[in-house]
Amino acid sequence: MPLVGFGTWRLTGRDAYRAVRVALDVGYRLIDTATMYGNETQIGEAIRDSGIARHELFVTTKLPPENAGRERATIEASLGALGLEHVDLWLVHWPPGERTLVRTWQGMLAARDDGLVTSVGVSNHRVAEIDRLVGATGEAPAVNQIPWAPSRFDGGLLRAMRERDVVLEGYSPFKNTNLRASTLVDIARRHAVTPAQVVLRWHVQHEVVVIPKSATAARIGENFDVWTFDLSSDEMRAIDALGR
Ligand SMILES: NC(=O)c1ccc[n+]([C@@H]2O[C@H](COP(=O)([O-])OP(=O)(O)OC[C@H]3O[C@@H](n4cnc5c(N)ncnc54)[C@H](OP(=O)(O)O)[C@@H]3O)[C@@H](O)[C@H]2O)c1
């Protein structure tokens, strides 16, 4: 799974198509969508028009929990809209009610066993909910996609995910960040990059998958350009401390 992907929430219609084309052109290979985003058709078109081989891409979509009980029909609709034979990762968008939590997970696993998706995971789930899924099925989600940013850094939660072999995929890296915070601005200046790039690099060095969204071509490029500098361990700790 790539460590930096492209988020597509609130990108619809031609904007979604254009943004994903730019993202694929500058090098992103992970595209994050959801049934709820209403943009799977445009993302599928952008993928086809990019000419990039399917095996190079990592496509994620998500089951709206109100579709619990209709897992199979939902993933078939997503695949139809995307024009793909499988997605690489399918997530439960947020926990369905207490009573349907495990049954929904079993529906996800069945779709995986039938080859419609390569891996299944969850989003917005608490550790206790993940433990319930594992207890009932013996299968841990491959991924938990949750809000993550310096302001939300939680080393205990990161460890809890690692102990369970669950990849932490962070969302909304910027929405929950003050990009003018002096810690970020000072570190950015030292490396001649932007505070946004510092935030993304911090995710990468923690091996937390990050999926920034942008509708702006220049920012889409900026957000993927995080491979040529290294944050020192002191800088990493200073950014972690923004979570206190
Ligand atoms: N599983 C879930 O429940 C869940 C929930 C929320 C999000 N997500 C996923 O995570 C993705 C990312 O989260 P998000 O869309 O909430 O927010 P985000 O990526 O944290 O922030 C997007 C905002 O930041 C701006 N931005 C982008 N790059 C920037 C840069 N380099 N400098 C300054 N500002 C920048 C964007 O503006 P412009 O577009 O104008 O450039 C946009 O307003 C979503 O698109 C979605 O795929 C999942």
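First listed ligand is number 1; within each ligand, the first listed atom is number 1.
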ask   = Considering only the protein, which heavy-atom contact is closest to atom 36 (C) of ligand 1, and what is its distance?
value = K213 O, 3.7 Å

request  = Using a strict cut-off of less than 4.0 Å between a Lys/Arg side-chain nitrogen and an Asp/Glu carboxylate oxygen, indicate whether D88 and R54 qualify as a salt bridge.
outcome  = yes

message = Considering non-hydrogen atoms of the protein only, which is the closest contact for atom 13 (O) of ligand 1, and what is the distance?
response = S172 N, 3.1 Å

query = Does N223 approach ligand 1 within less than 4.0 angstrom via side chain, backbone, both or neither, non-hydrogen atoms only?
reply = side chain

request  = Would you mind listing which atoms of ligand 1 come within a distance below 4.0 Å of any non-hydrogen atom of D32?
outcome  = 9 (C), 46 (C), 47 (O)

request  = Among all protein heavy atoms, pick the one closest to atom 21 (O) of ligand 1 and tell me residue, atom and distance.
outcome  = F174 CB, 3.8 Å

key: Closest approach of any protein heavy atom to atom 48 (C) of ligand 1, naming residue and atom   = Q145 OE1, 3.1 Å

message = Go through it in stages, so that I can follow the logic: the residues are E129 and R126, the test is salt bridge (Lys or Arg N to Asp or Glu O under 4.0 Å), and I'd like the CA-CA distance, side-chain angles, deciding distance and then a yes or no.
response = CA-CA 5 Å; E129 287 163 333; R126 289 173 309 185; 3.2 Å; yes

message = As an exercise, identify every atom of ligand 1 less than 4.0 angstrom from a heavy atom of T216.
response = 38 (P), 40 (O), 41 (O)

task = Starting from atom 2 (C) of ligand 1, locate the nearest protein heavy atom and write down its residue, its atom name and how far away it is, to 0.1 Å.
result = Y171 CE2, 3.3 Å

query = Which heavy atom of the protein is the closest neighbour of atom 3 (O) of ligand 1, given with residue, atom name and distance?
reply = N124 ND2, 2.9 Å

query = How does S123 reach ligand 1, if at all, at less than 4.0 Å between non-hydrogen atoms: by side chain, backbone, both, or neither?
reply = side chain

ask   = If you measure from CZ on F58 to CZ on R29, what distance do you get to the nearest 0.5 Å?
value = 14.5 Å

inquiry  = Under a 4.0 angstrom heavy-atom cut-off, which atoms of ligand 1 come close to P212?
reply    = 19 (O)

Nearest-0.5 Å distance, CG of residue D165 to CZ of residue R162 = 10.5 Å

request  = Ignoring angles and geometry beyond distance, decide whether P173 reaches within less than 3.5 Å of ligand 1 through its nitrogen or oxygen atoms.
outcome  = yes

ask   = Any ion pair linking D240 and R237 (charged N to carboxylate O, less than 4.0 Å)?
value = no

task = Given side chain to side chain donor-acceptor pair (under 3.5 Å), test E40 with T33 step by step and report yes or no.
result = CA-CA 7 Å; E40 290 173 316; T33 181; 5.0 Å; no

Ligand-residue contact atoms, ligand 1 with W9, heavy atoms, under 4.0 Å = 6 (C), 7 (C), 16 (O), 44 (C), 45 (O), 46 (C), 47 (O)

request  = Answer yes if a protein heavy atom lies under 4.0 Å from atom 43 (O) of ligand 1, otherwise answer no.
outcome  = no

task = Please report which non-hydrogen protein atom sits nearest to atom 46 (C) of ligand 1, along with the residue it belongs to and the distance in Å to one decimal place.
result = Y37 OH, 3.4 Å

ask   = Should the proximity of W94 to ligand 1, defined as any heavy atom under 4.0 Å, be assigned to the side chain, the backbone, both, or neither?
value = neither

message = Using every non-hydrogen atom in the two residues, find where G170 and W148 come nearest and quote the distance to one decimal.
response = CA-CB, 3.5 Å

inquiry  = Below 4.0 Å, non-hydrogen atoms only: which portion of T177 touches ligand 1? Side chain, backbone, both or neither.
reply    = neither

ask   = Which of the numbered atoms in ligand 1 are below 4.0 angstrom from a heavy atom of H93?
value = 1 (N), 2 (C), 3 (O)

query = Under 4.0 Å from any heavy atom of A215, which atoms of ligand 1 are there?
reply = 38 (P), 39 (O), 41 (O)

query = Any Lys/Arg nitrogen of R72 or E76 sitting under 4.0 Å from an Asp/Glu carboxylate oxygen of the other?
reply = yes

task = Name the closest protein heavy atom to atom 25 (C) of ligand 1, giving the residue it belongs to and the distance to 0.1 Å.
result = R219 NH1, 3.9 Å

query = Atoms of ligand 1 less than 4.0 Å from A196 heavy atoms?
reply = 30 (C), 31 (N), 32 (N)

query = Looking at I211, which atoms of ligand 1 are within less than 4.0 Å of one of its heavy atoms?
reply = 9 (C), 10 (O), 11 (C), 12 (C)

key: Test salt bridge (charged side-chain N to carboxylate O under 4.0 Å, His left out) applied to E45 and R18, R14, R21, the passing residue   = R14

task = Working to the nearest 0.5 Å, report the span between CD1 of I43 and CG of L57.
result = 11.5 Å

ask   = Rounded to the nearest 0.5 Å, what separation is found between the CG atom of L200 and the CG atom of L3?
value = 11.5 Å

Distance, nearest 0.5 Å, that separates CH2 of W94 from CE of M36 = 5.0 Å

query = Please walk me through it: do N176 and Y171 pass side chain to side chain donor-acceptor pair (under 3.5 Å)?
reply = CA-CA 9 Å; N176 295 312; Y171 70 69; over 6 Å; no

